[in-house]
Amino acid sequence: MLAQLILSGLASGSLYAMMAIGLILVYKTTHILNFGYGDMTMFSTFIAYMLLTWYKLPFAVAFFGAIACGLLLGVIVDRGFLKLAKDAPVTSLFIATLGIGMILEAVAGWIWGYDTKPFPYVIKGPPLFLGGVVIRRHDLLVFGVAGAIALLLFAMFKFTDLGIAMRATAQNRQAARLMGIDVGKIATLSWALGVGLGALAGVLIAPIVFLDLSRMILVMIKAVAAAVLGGFTSLPGAIVGGLLLGVMENLTIYMPAALAPLKTTFVFLLIIIVLAIRPQGLLGEPVGRRV
Amino acid sequence: MRRLILWGVALCLLALAPLFLRSYTLYILSLAGVYVIATLGLNLLTGYAGQLSIGHAGFLAIGAYTSALLVARLGLPFWLSIPLAGLLTGLTGFILLVPALRLTAIYLAIATLGFGAAVAEILPRWTALTGGYQGMKVPKAVLFGLALDSDVKLYYLTLSIVIVMLLLARNIVDSKMGRAFIALRDQERAAQACGISLTRYKAYAFFISAFYTGIAGGLYSFVVGYISPGEFDLAKSLLIFMMMALGGMASLPGSVLGALFLSFLPHWLSGFRGLQQFIYGAALVLVVIFMPYGFWGFVRRWTMPDKLERLPRPLRAVVEFVRG
Amino acid sequence: MALLEVEELTMRFGGVKALDGLSFAVEEGQIVGLIGPNGAGKTTVFNLISRFYDPVGGRIRFRGEDLLRLKPHQVLERGIARTFQNLGLFPYMTVLENLLVGRHIHYKAGPWALALGLGRREERAFRAEAEGLLDRLGLGPLKGAVVAFLPYGTRKFIELARALMTRPKLLLLDEPVAGMNATETQMMGEFIKRVRDEYGLTVLLVEHDMSLVMGICERVIALNFGRKIAEGAPEEVQRDPAVIEAYLGEEVRVA
């Protein structure tokens, strides 16, 4: 039972982690908390839905369609909107991402309607049994994709010029600019990557929670929580935070029955306790105190 | 002197507004007044003291339920229930003080988000007290035998409370307390070296902010006449945050403008069926693009001496008159 | 008894020893200079007195009281005010408001009274006082200016004025003339001396500019690698071989 709960917790945790990484990529280079993320994810996932069910295209096409939409959305958000609000404080830009989210929600409503839609699983078939633990085939796919993404990002930040430029920008924008890094371009790329990653996660989440205009926002909130838990500036932290949050959620089943309806409260309380002990999150950089 | 005349004229206009406005518009104005108070509360905390919160709907809910219950269950007079709701909510503000002493920026934002989520989760389940999901009817406000049963009367009630809260906020901001908030926000170490206690002033900020939002909540319950847990969700916390940021951080007139704008926007849009959400979102984005520092930042910018030259003549005359 | 006594003060950051058993005392009424090459631990001493860090070992006593038992905001209440190397002004406040923050602990009105607007008289009195101080500094016309837009040298004077508004007994000045030209440096030096005499202050200052240190300090303490390497009258310390050696590596920078 416990092993089962942990395993399925890890599966949903991987999805939170993927979403969380998308948030962090944007936050690290631009310091903007992208609260339109849920809607951007929703929109991209609907593209996949449309390709799949309206045009009956194969899954691979839908998959890459969603990701392409996410990448494009990221570029449009940054270049088309945020760059126009030159030197606006991040609190204002945060509001702008909310506004963009509303616009996307409205457009999605016009195109795809307001009702909840089932989203097909990529891999169908009965669950697998592994030493008394049941694994959905979909969960295997989730683990695979999440693992691949983690490796790819790790390799990118470690070995490619682009990844190093992104890291430099995240650490010190001014210094990065002086070193000849086009900080604006890095921001756009971060937006594209971040929203694209959300799209990827969205396609994997939708079969589980179904797809409608607002559901992805709830997933986003969890991603924010996961990101904070792990330390908002750390990608490995996002993974740890996401997995931990997924498992923690599942383990709330052991709470006394009387407290069971207060699951969210309990999860947040745990997060706050963790943060009280480590104010910068599990793997975040210590909060700098300048004199 | 000119200031005084100006305030007098503004007050007269506001007092006479019920002669010109429809009852429904007055209702929206009252609701906007409620949000003005809540936004002032958030701005004192976030704009001035630099403590991010996206959980203020939780305080609004606590204030609303407290005042409604005090009147409905304990039979307290309504004029007493609102300040009591403010005080009680103010005390719950200390719940957030605990994480705020350790956490900064986005980490604190998540703690406040969690607080809002917790309140939204507890309220509907505490059926014995709150009436659960279907909410509760709030008794009519009665002031010394006079039932405040019309939109006009509620408008006057709201207007007077808003004015009092604005004056209090101005006093706070202009005093050593307001300066201490800003000092800690911008230069924590230097502020401490000036003898400002971090713990004490964070505590003040959270108490005051929760107090304001609690008052707003109490007023809300009487203006609307009916409260249910579903209204006090993340969307409402974000609404108050947007009112503050669009109006202008660390600005009292900004809070008024922001709250008025976002209170009326949905009603201006009610004619555009199916387009409301799109325009609402677009409006947010446009305001951010063209007024990055909010409405008040925009006003301030265009009333700077160098920009003033470029304003059309009548507008310039108004600005010059206001400045005296 | 000396006004400020530092005994065996030791501080570590990570593995680095910033201060290593440092002891010195500051007598009342003196202007004392704390000198030494970069990284010698001068600012660390200030930050320890300000209680921003807890030392690994040692004691700091001010008028006989153990400072290490205080919280950062309580240090000022005892009569120790300071300025910062990179300016500790509040950039979005006006000059006058910055000075009023210096008066923070002297306000008698409590929070409720402030909210109700009952502290006006006190506020007016302090405002007048701040304006008077600004006038004496020749900064009167700037009282309404937002600090962020003022030149660096001016801001240094404003920060010092704010420290004076706190009515301190001991003034800690962290590089008061850094980034100033020769004329400004001389003005600042004269100003420090004048306020010491008028207000009956004691001054402990950290400075790289030797013309200022030689010009106004009555006693100089030289640090290197967190240890005291010399102490005495300015001319003595300047001639001290250990000091000269410590600065040799810095010669290029000083020149």
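Remember, it's a predicted structure, so these values are computed and weren't measured experimentally. Lettering of chains follows the sequences in order, A, B, ..., and the numbering in each one begins at 1.
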Need one label for [X]: side chain, backbone, both or neither, based on atoms under 4.5 Å from any heavy atom in chain B.
{"X": "Ala109(C)", "value": "backbone"}
{"X": "Arg78(C)", "value": "neither"}
{"X": "Arg120(C)", "value": "side chain"}
{"X": "Val75(C)", "value": "neither"}
{"X": "Leu118(C)", "value": "neither"}
{"X": "Glu97(C)", "value": "both"}
{"X": "Leu172(C)", "value": "neither"}

Tell me whether [X] is salt-bridged to [Y], with the criterion being a basic N under 4.0 Å from an acidic carboxylate O.
{"X": "Lys108(C)", "Y": "Glu122(C)", "result": "no"}
{"X": "Glu198(C)", "Y": "Arg136(C)", "result": "yes"}
{"X": "Arg127(C)", "Y": "Glu123(C)", "result": "yes"}

field: Stepwise ring pair (Phe, Tyr, Trp, His ring centres under 6.0 Å) check, Tyr107(C) with Phe126(C)
entry: CA-CA 9 Å; Tyr107(C) 282 84; Phe126(C) 287 164; 4.8 Å; yes
task: Specify whether Phe115(B) and Phe59(B) have parallel, tilted or perpendicular ring planes, treating 30° as the upper limit for parallel and 60° as the lower limit for perpendicular.
output: tilted
- prompt: Which residues in residues 168-181 of chain B have any heavy atom lying under 4.5 Å from a heavy atom of chain C?
  reply: Leu168(B), Arg170(B), Asn171(B), Ile172(B), Asp174(B), Ser175(B), Lys176(B), Met177(B), Arg179(B), Ala180(B)
- prompt: Any chance the rings of Tyr201(B) and Tyr204(B) have centres within less than 6.0 Å?
  reply: yes
- line: Applying a strict 4.5 Å limit to non-hydrogen atoms, the region of Ala191(B) in contact with chain C is both
- line: Pair count under 4.5 Å, heavy atoms only, with chain B: among Gly117(C), Pro111(C), Pro168(C), highest is Pro111(C)
field: cation_pi(Arg185(B), Tyr48(B)) dist<6.0 Å, angle<=45
entry: no
- request: Answer yes or no for Arg162(C) and Phe90(C): cation-pi contact, defined as NZ/CZ to six-membered ring centre under 6.0 Å and angle to ring axis within 45°.
  value: yes
message: Checking the side chain of Lys42(C) only, and the main-chain atoms of Leu205(C) only, is there a donor and an acceptor separated by less than 3.5 Å?
response: no
query: Partners of Glu28(C) by salt bridge (charged side-chain N to carboxylate O under 4.0 Å, His left out), sequence neighbours excluded?
result: none
